[in-house]
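First up is the structure itself, then whatever we jot down about it.
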Amino acid sequence: MNTLSTREMAMKAILETARKDERLVIVSPDAMLAARAVPFQKEFPNRLIEVGIAEQCAVDMAAGLASVGMKPIVITYAGFLTMRACEMMRTFVAYPQANVKFIGLNGGMLGGEREGVTHQFYEDLGILRSMPGITILTPADGNQAYQATLDMLGQEGPAYLRLASGREPQVFEAPAPLPQGGVERLADYGSDVAIFASGYVMDRALEAAKALKDRGVGASVINVTTLKPLDEAAVAAELARTGCAVTVEDHNIYGALGSAICEVACAWHPCKVVRLGLGDLYPRSGPAAALLDAYGLAVGDIVKAAYEAMEGKRREGPGGRGQ
């Protein structure tokens, strides 16, 4: 499968927006190279503010810029934002609903091939999902990251966009608009099981659905590009249609996609949900694809989880809907 850099595609969208809106600025905590922001600095040298390795300062500065009508974007590694500057994101951006955009790099195992566990992050989405007032975007590939960035920059209020390493599998041809409500069925081979996936493991979810089809199992693949606010009605409709589900995410299983789908299931349609992602552990370093395979996100793992979910269905009777 071809790869397409989410970092480069996000920066392409930022440059296009910056040419139309002189209020847009980037605040960089020593992340200009990682963010692929060199072209931005060359074109707009007075609109990239480098603060050094000072994430808390970067968020504070962005909040101040937003308070006077500027449109700041803070870009750095996902964990350095959501952990080191967590309080600043909450108190000075989310609480006053400041118009600050955040882009987190190296989300998940797919993001940390070169630098390992200190620079690959599996907690960022769970942290921000618990924080009121921040939109969370988890596009599936570079083309969708481009559109997500454009959409994010066109909206008011705080938002967080999750990117990975820059070597993400390509799923969509351009253009790849975001689905209305942020939830979209990408594949539909039947109603035996729903596979919910978010982020840069979508290619694996789609491949697993095809493998299940070859075995006579009808799976749907649901792309969740807007993790918050989640379109709960759309999720509930898929759960009602299939009666069981699998969640697939390059994140730990606490607080992000798996938790969100389980919350909807509890409130709307109780059913068996099998969560795939990292458990209560830190993975080792290594090549990204090999890490995904090693920690339970291989195509075979998704297929196995689908059978587990179907086995766990509670039926009213032969052919009955899961309850």
Do you know the tightest heavy-atom contact between Lys272 and Gly312? CB-O, 3.7 Å
Would Asp151 and Gln147 count as having a side-chain donor-acceptor pair, cut-off 3.5 Å? yes
Less than 4.0 angstrom from a charged side-chain N to a carboxylate O is my criterion; do Arg241 and Asp192 meet it? no
Determine whether the side chains of Glu249 and Ser198 contain a donor N or O and an acceptor N or O closer than 3.5 Å. no
Check: Ala34 main-chain N/O paired with Arg36 side-chain donor or acceptor under 3.5 Å: yes
Any heavy-atom pair between the side chains of Glu263 and Ser259 that's under 4.5 Å? yes
Backbone N/O of Ile127 and side chain of Ser130: donor-acceptor pair under 3.5 Å: yes
Look at the side chain of Ser28 and the backbone N and O of Met32, then say whether any donor-acceptor pair between them is shorter than 3.5 Å. yes
Determine, for Arg7 against Glu168, whether the closest basic-nitrogen to carboxylate-oxygen distance falls under 4.0 angstrom. no
If the test is side chain to side chain contact (heavy atoms under 4.5 Å, CB included), which one of Leu163, Asp250, Val171, Thr138 qualifies with Tyr200? Leu163
Leu297 backbone acceptor or donor facing Arg204 side chain under 3.5 Å: yes
Closest non-hydrogen atom pair, Pro72 against Asn99: CD-O, 3.6 Å
Looking just at side-chain N and O atoms, do Asn106 and Arg162 make a donor-acceptor pair shorter than 3.5 Å? no
One thing to verify: whether Asp188 and Arg185 come together as a salt bridge, which I'm taking to mean a side-chain N less than 4.0 angstrom from a carboxylate O. yes
Determine, step by step, whether Val117 and Tyr122 satisfy the side chain to side chain contact (heavy atoms under 4.5 Å, CB included) criterion, reporting the C-alpha distance in whole Å, the side-chain angles of both residues, the deciding distance to 0.1 Å, and the verdict. CA-CA 9 Å; Val117 71; Tyr122 333 99; 3.9 Å; yes
Quick one: closest heavy-atom pair of Ala85 and Val59, and the distance? CB-CG2, 3.8 Å
Where is the tightest heavy-atom contact between Ile134 and Lys228, given as atom of each residue plus distance? O-CD, 3.6 Å
For side chain to side chain contact (heavy atoms under 4.5 Å, CB included), just list the numbers for Thr225 and Leu137, CA-CA rounded to whole Å, side-chain angles, deciding distance to a tenth of an Å, and then say yes or no. CA-CA 6 Å; Thr225 57; Leu137 300 172; 6.0 Å; no
Is there side-chain contact between His251 and Leu257, with at least one heavy-atom pair below 4.5 Å? no
Looking at every non-hydrogen atom in both residues, tell me the closest pair between Ser220 and Glu238 and how far apart they are. OG-OE1, 3.5 Å
Give the C-alpha distance, both sets of side-chain angles, the deciding distance and a yes or no for side chain to side chain donor-acceptor pair (under 3.5 Å) between Gln144 and Asn223. CA-CA 11 Å; Gln144 201 163 59; Asn223 177 21; 3.2 Å; yes
I'd like to know if the side chain of Glu50 reaches the main chain of Asp30, judged simply by a donor and an acceptor atom lying under 3.5 Å from each other, with no hydrogens or angles considered. yes
Would you say the side chain of Leu239 lies within less than 4.5 Å of the side chain of Trp268, judging by non-hydrogen atoms? no
Heavy-atom closest contact (Arg284 atom, Tyr295 atom, distance): N-OH, 2.9 Å
Indicate yes or no: at least one non-hydrogen side-chain atom of Met70 is less than 4.5 angstrom from one of Val68. yes
Tell me whether the count of non-hydrogen atoms from other residues, nucleotides or ligands lying under 6.0 Å of CD in Glu123 goes above 12. yes
Do Val246 and Val273 make a side-chain contact, defined as non-hydrogen atoms from C-beta onward lying under 4.5 Å apart? no
Can Tyr254 and Asp280 be counted as having a side-chain donor-acceptor contact under 3.5 angstrom? no
For the backbone of Ala290 and the side chain of Asp293, can you confirm whether one donor and one acceptor N or O come within less than 3.5 Å of each other? no
Atom CD of Glu22: over 12 foreign heavy atoms under 6.0 Å: no
Answer yes if Leu230 and Tyr160 sit in the same cluster of Ile, Leu, Val, Met, Phe, Trp and Tyr residues linked by side chain heavy atoms under 4.5 Å apart, and no otherwise. yes
For Arg84, does the CZ atom have more than 12 heavy-atom neighbours from other residues, nucleotides or ligands under 6.0 Å away? yes
Show, in sequence, the C-alpha distance, side-chain angles and deciding distance for Glu43 and Arg19, and conclude whether the salt bridge (charged side-chain N to carboxylate O under 4.0 Å, His left out) test is met. CA-CA 9 Å; Glu43 189 167 344; Arg19 292 174 187 133; 2.8 Å; yes
I want to check something: taking the side chain as every heavy atom from C-beta on, are Leu161 and Lys101 in contact at a cut-off of under 4.5 Å? no
Does any part of the side chain of Ile73, heavy atoms only, come nearer than 4.5 Å to the side chain of Ile103, both counted from C-beta? yes
